[in-house]
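These notes concern the structure reproduced below.
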Amino acid sequence: MRELVKVSGKKALKAFVDFPHQLYAGDVNYVPELFIAQRDLLTPGKHPFYEHSEIQLFLLYDDGKIVGRIAAINNTNHNKVYGGNDGFFGFFDCIDDVTAANELLGAAQEWLTERGLTKILGPVNFSTNEVCGLLIEGFDGPPVAMMPYNAQYYLPLLEQTGFQKNVDLRAYRYTAGNYSERSVKLLDRIEERLLRNDIVLRKINMKKFKEECNAVRDVYNKAWDKNLGFVPMTDKEFDYTANDLKLILDPEFCILAEQHGKIVGFALAIPDINQILIKIKRGRLFPTGLIKLLANKKKIDGIRILLLGVVDGYRKMGIEACLYGRIIKHFKAKNMKYAEASWTLDHNDMINKPIEDIGGELYRKYRILEKVI
């Protein structure tokens, strides 16, 4: 006996957040999300996304046991930017059963159509500013920080429910000693050339974090203006994300490109916090999770190159390559073992080529799917 219910109340929200722990029990590559972070993300009033948009969470039960979850997402800012009628689904997890998947997706689709939306895309957890994409290649290890993970059966399951490819996303990997030293050395010459145009590279000033973030926010919202489904962050959304990242930020891995005091590009790499989270049972910081987090933070030996952008008018000057080069140099100096550059659009040669030239290996792919409703 199956029952589909709308999530309402703290108890149901807790069940929604915890379901993946049950589904992936025994999977050595599964990394639990921090419960407190997921709870706040999915609670109206806690996250600034809800100031302009709305979501509805659903749980599917079979004889009293949860067998799937999904979020229907009406991102009104997305449709204002693109003039479309797109809805999204996210936080999708389901047993390997097409009937169960159809019930979940059907509920999300019905909720979206009631709001006049005519297409559904996903998985996207709010927008492409957050976790998005379905893992379709590269199931041989745990995900890195802020990247999705799912079972291999998800793609055929979603295809059976009528979803088709919208776009693929790439993840590249560097390993210690397995990247192009020659390419990195050439970056010194490129930096000298940039300097002749008064463009300098520097690390973020943590003593002026708020001021720096205000400048970077403008670059972020401009540099990604033509990327897939990109929606500029509101000031509150950017500040919310920046404050979260500040907790794990290493300033050596946050590099700014500046001309006459104006930020024209930046790159950010974050420690692969998943090395610790994978050991924190059910994503709970208490009673022992916080101890593990604090005790092992300095032992992290991998990074994720999370963001890299240059504003229009400064592209194709070599800034992108230099930003990557600076991160790789710090990677080497800190004796890191691996770095992942993710994600990039499958067809974005302007970004993908510099990554490959330095020695990045394409090792994982993710997909965003779509369906007319």
Side-chain angles (χ1 to χ4, degrees), residues 128-129 144-147 169-174 179-180 183-188 190-191 193-195 197 199-206 208-209 212-227 230 233 238 241-242 244-246 248-259 262-273 300 302-334 336 338-345 348-360:
T128 56
N129 291 316
V144 301
M146 299 175 66
M147 287 297 284
L169 314 173
R170 296 184 177 191
Y172 288 89
R173 186 177 176 91
Y174 301 94
Y179 55 85
S180 173
S183 296
V184 173
K185 289 176 181 177
L186 287 174
L187 297 175
D188 292 333
I190 302 175
E191 282 198 37
R193 189 176 70 210
L194 292 175
L195 195 56
N197 290 311
I199 298 172
V200 297
L201 272 66
R202 65 173 177 84
K203 68 180 181 181
I204 191 171
N205 184 345
M206 296 299 288
K208 297 181 177 179
F209 185 76
E212 297 273 60
C213 283
N214 288 338
V216 168
R217 179 177 61 233
D218 187 52
V219 176
Y220 179 81
N221 283 338
K222 289 179 179 177
W224 279 266
D225 60 353
K226 294 179 182 177
N227 261 358
F230 174 76
M233 281 189 174
F238 192 90
T241 301
D244 272 357
L245 292 175
K246 185 180 180 182
I248 59 172
L249 186 65
D250 179 341
E252 297 288 351
F253 287 116
C254 186
I255 312 299
L256 311 180
E258 187 177 58
Q259 184 186 53
K262 175 186 174 183
I263 307 299
V264 298
F266 77 101
L268 170 65
I270 58 173
D272 184 12
I273 198 77
I300 295 173
I303 58 172
R304 177 189 170 199
I305 305 172
L306 175 67
L307 297 170
L308 188 146
V310 177
V311 297
D312 197 21
Y314 290 86
R315 295 166 185 162
K316 297 185 179 181
M317 296 175 64
I319 296 175
E320 295 92 344
C322 289
L323 290 169
Y324 266 114
R326 281 287 186 102
I327 287 176
I328 294 297
K329 285 181 179 180
H330 292 311
F331 169 90
K332 183 178 180 182
K334 292 177 178 287
M336 293 284 183
Y338 65 89
E340 177 177 300
S342 59
W343 47 266
T344 70
L345 289 169
N348 192 346
D349 293 337
M350 190 181 298
I351 290 295
N352 294 334
K353 190 176 186 303
I355 296 174
E356 292 168 357
D357 286 346
I358 297 174

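What you see is a predicted model; the values in this text were computed from it and never measured.
Taking every heavy atom of both residues into account, Ala145 and Asp272 meet most closely at N-OD1, 2.9 Å. Closest approach of Ala242 to Phe209, counting heavy atoms only: O-CZ, 3.7 Å. Smallest separation of non-hydrogen atoms from Lys203 and Pro251: CB-O, 3.3 Å. Contact between Ser342 and Ala171 at its shortest, heavy atoms only, is CB-CB, 3.8 Å.
Residues Arg326 and Glu191 are in side-chain contact: their nearest non-hydrogen atoms beyond the backbone lie under 4.5 Å apart. Looking only at side-chain heavy atoms (C-beta outward), Leu256 and Val219 stay at 4.5 Å or farther from each other. At least one side-chain heavy atom of Trp343 sits less than 4.5 Å from a side-chain heavy atom of Thr128. Between Ile328 and Leu187, every side-chain heavy-atom pair lies at or beyond the 4.5 Å cut-off. You'll find the side chain of Arg202 reaches within 4.5 Å of the side chain of Glu258, heavy atoms only. At a threshold of 4.5 Å between non-hydrogen side-chain atoms, the residues Val310 and Leu323 count as touching.
Note that the NZ atom of Lys246 and the SG atom of Cys254 stand 12.5 Å from one another [nearest 0.5 Å]. One distance of note links CG of Asn221 with CZ of Phe238; it measures 7.5 Å at 0.5 Å rounding. For the atom pair CG of Leu268 and CD1 of Ile327, the computed distance is 7.0 Å after rounding to the nearest 0.5 Å. Expressed to the nearest 0.5 Å, how far SG of Cys213 lies from CD1 of Ile204 amounts to 5.0 Å. One finds the CD1 atom of Ile351 at 12.5 Å from the CZ atom of Arg170 (value rounded to the nearest 0.5 Å). To the nearest 0.5 Å, atoms CD1 (Ile305) and CD1 (Ile270) are separated by 11.0 Å.
Between Lys353 and Glu320, no side-chain nitrogen of the basic residue sits less than 4.0 Å from a carboxylate oxygen of the acidic one, so the salt-bridge criterion is not met. A salt bridge does not link Lys262 to Asp218: none of the charged nitrogens lies less than 4.0 Å from a carboxylate oxygen.
By the 30° and 60° cut-offs, the orientation of the rings of Phe253 relative to His330 is perpendicular.
Remark: side-chain polar atoms of Arg304 are paired, donor with acceptor, to backbone N or O of Met146 under 3.5 angstrom. Side-chain atoms of Asp250 come within 3.5 Å of backbone N or O of Glu252 as a donor-acceptor pair.
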Worksheet item: So Ile248 and Ile300, side-chain contact (heavy atoms from CB on, under 4.5 Å) or not? Walk me through it.
Response: CA-CA 11 Å; Ile248 59 172; Ile300 295 173; over 6 Å; no
Worksheet item: So Thr241 and Asn129, side-chain contact (heavy atoms from CB on, under 4.5 Å) or not? Walk me through it.
Response: CA-CA 9 Å; Thr241 301; Asn129 291 316; over 6 Å; no
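The one candidate from Phe331, Tyr338, Tyr174 that meets the side chain to side chain contact (heavy atoms under 4.5 Å, CB included) condition with Ile303 is Phe331.
Taking the six-membered ring for Trp and the full ring otherwise, Tyr220 and Phe230 have centroids separated by under 6.0 Å.
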